[in-house]
Number of protein chains: 2
Amino acid sequence: MSTFIQQAKYLFYSEGALLQTDGFKKRSLVVSTLAEAEFFADSGHFQDILYGFPLTADKIERCRSLNQRLAEFHVMIDSYAILKELDRVGSDSCVWSIFIAVDCGYGREGVPWDDDRLIALAGEVTNGRFLSLAGIYTHCGHSYNSQTPSDVARTACTRMSQVKQQLEAADIRCSVYGIGSTPSCSSIVPEMQNVNEMHPGNYIFYDLQQHMIGSCSKQEIACTIATRIIGHYPERNELLIDCGFTARTKQGMDVCAAVFKDHSELRLVGMTQEIGIVSSDEKIDFTKFPVGSMILQYPWHSCASAGMHPAYFVHVNGVVTAVWKPCRGW
Amino acid sequence: MSTFIQQAKYLFYSEGALLQTDGFKKRSLVVSTLAEAEFFADSGHFQDILYGFPLTADKIERCRSLNQRLAEFHVMIDSYAILKELDRVGSDSCVWSIFIAVDCGYGREGVPWDDDRLIALAGEVTNGRFLSLAGIYTHCGHSYNSQTPSDVARTACTRMSQVKQQLEAADIRCSVYGIGSTPSCSSIVPEMQNVNEMHPGNYIFYDLQQHMIGSCSKQEIACTIATRIIGHYPERNELLIDCGFTARTKQGMDVCAAVFKDHSELRLVGMTQEIGIVSSDEKIDFTKFPVGSMILQYPWHSCASAGMHPAYFVHVNGVVTAVWKPCRGW
């Protein structure tokens, strides 16, 4: 496969992000690793990148380089300590554009939306010599575990609006208020008028998890994992496939075994490193699945599965029309 | 990190396999992907490689190339169909060296050890024009879920011995009888005299899973995942770290949360794509874990975690002495 990838005529390195940003018209992205920031900066297509991950001092030098290369590069922080360090190492030619991470209920990174420290932190940014306040950022990761992701969006937008009012009352200007996560952004709610940026990511592919929480239909799942039948074991009503946890992850196995496209009768019942075990509640008709033939699986969590592959094959009517080379690592 | 990897003075591409095969003295390996077979063939150190994965016709051309390049290259099969195809595409200059996969109780690939088809299949190999019987192979994957992995080894060796007797009774010669899996090979049992090859893999690193099933002590776990503290959240007694499921996998999270080396008081309680959530039953002393400082995690399943990283850093007394570049993909 690697030779095929190298020889592919239509090899793209940031095609997904271009689609997500309306082709060449928009140049803005949020990324969650420095490797991604560098990958998209290298592509030349993006001039406005937010590294939407809590920054620590060990990553500052790579950020400085991105700051110099890009028209706009933003970092995300949620504490005084890193802000102080950024100001200390900043300069007239390296002013840091800051997003403050706010926790609107997820309980991961960010200053809680109703915590006094938030306004104080924003004040510190505006007082910094080499700091500039670009925006307020919240990630709605808890929408993945919610039965009503729209309510998560509603609450986050309302809380962001309250943060905005507090900042304005303190005479602190900030141009971007953004919420994110695919489940919370997959339905429009009126409260979204309170924010001016949305940064979901998973929706580029969607997956079974998103389908089950109502973000998308099954037909909207845009990626599948191609695998081959490698053996028939009729005595135990099982097939083996050449896709194990290194190509799919075990995520979701406890929740959803009906993962095969066009074959809802099949169940993914086990996974080892390179082999998947497939069974069915019915007696499998093995003639429908010749050894060596290909079968497609929907991922449970496409972010996790896609991260395991060196390339994505774009196909139209069974013909590969492009190969996307993703960014991996950190 | 990628620049660091590229510039590393001591960059090795098959060092782990050399250690596992007694340096340059032995040249034999079992691999589970064709990418690994090609990777080790490219290294020039290995001249005897078994592709220990149920072969299908779509992979034959890559196997043919390995067959031509290596002094000895073996494929593994468990059905007539692929054997017939190999014989059809073989030639005087491309004789296929065959391992037959036997199922000694695992219930994944292989002909069941006591199934008449096994001897018949071995007969087909010996009757083939361009086929040669090299060995009988069994993988003891069920030892991972066993409370007594030694008993799995005992049973597998006894069954392999019975297969050997049956083959000899049918006047079929076969030089290699091999069992594998790290749990079943981590203790010596007398029945092992019945086989002459063992092919475990995980033991090169071991991991928490192996420790919990008795394959190794915690001190014998040779790899850790280095991660940094990226935030303190004392109001909920949590730390965040820059290691999510793309760097560790979620495997084992339901079984073992005490994953931190030298900090048994900490618990890995959650993992998102790039962020891990750490808590403790005690009140965390945050001064012991400064933001930006490094902390080491043992993997639950090192095969799964190691496969997610582009490089491994070998260190002695805190100094990196080598960088290993692993083989990924298929």
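Proteins come first, then strands; the chains are lettered A, B, ... in the order of their sequence lines, and each starts at number 1.
- For a residue to count as touching a neighbouring chain, one of its non-hydrogen atoms must lie under 4.5 Å from one of that chain's; by this rule A/Tyr144 does not touch chain B.
- Contact annotation for A/Ala304: both backbone and side-chain heavy atoms come within less than 4.5 Å of a heavy atom of chain B.
- For A/Thr249, no part lies near chain B; criterion is any non-hydrogen pair under 4.5 Å.
- For A/Thr246, the parts sitting under 4.5 Å from any heavy atom of chain B are the backbone and the side chain alike.
- Your options are A/Val291, A/Leu55, A/Asp242, and the one with the most heavy-atom pairs under 4.5 Å with chain B is A/Asp242.
- Scanning residues 100-111 of chain B against chain A with a 4.5 Å heavy-atom cutoff picks out B/Asp103, B/Tyr106, B/Gly107, B/Arg108, B/Glu109, B/Gly110, ordered by number.
- Contacts with chain A were tallied for B/Lys250, B/Gln251, B/His301; B/Gln251 has the most, counting heavy-atom pairs under 4.5 Å.
- For the set B/His232, B/Gln273, B/Met308, B/Arg236, the entry with the most heavy-atom pairs within less than 4.5 Å of chain A is B/Arg236.
- A/Pro54 approaches B/Ile275 most closely through the heavy-atom pair CD-CD1, 4.0 Å.
- For chain B, the nearby parts of A/Ile230 are the backbone and the side chain; heavy atoms of each come within less than 4.5 Å.
- Annotation: maximal heavy-atom pairing with chain A below 4.5 Å, among B/Leu240, B/Thr33, B/Asp58, occurs at B/Asp58.
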- B/Asp115 vs A/Glu235, side-chain contact (heavy atoms from CB on, under 4.5 Å): CA-CA, chis, key distance, verdict: CA-CA 11 Å; B/Asp115 189 316; A/Glu235 63 279 16; 5.6 Å; no
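- Most heavy-atom pairs under 4.5 Å with chain B: of the set A/Leu34, A/Thr272, A/Asp254, this distinction falls to A/Thr272.
- At a 4.5 Å heavy-atom cutoff, the contact between A/Ile229 and chain B is made by backbone atoms alone.
- Interatomic distance, B/Trp330 CH2 to A/Thr227 OG1, rounded to the nearest 0.5 Å: 10.0 Å.
- A search for side-chain hydrogen bond (donor to acceptor under 3.5 Å, both in side chains) contacts involving A/Thr138 returns nothing, not counting sequence neighbours.
- Highest contact tally toward chain A, considering only B/Gly244, B/Gly231, B/Ala247, B/Pro112, is held by B/Ala247 [criterion: heavy-atom pairs under 4.5 Å].
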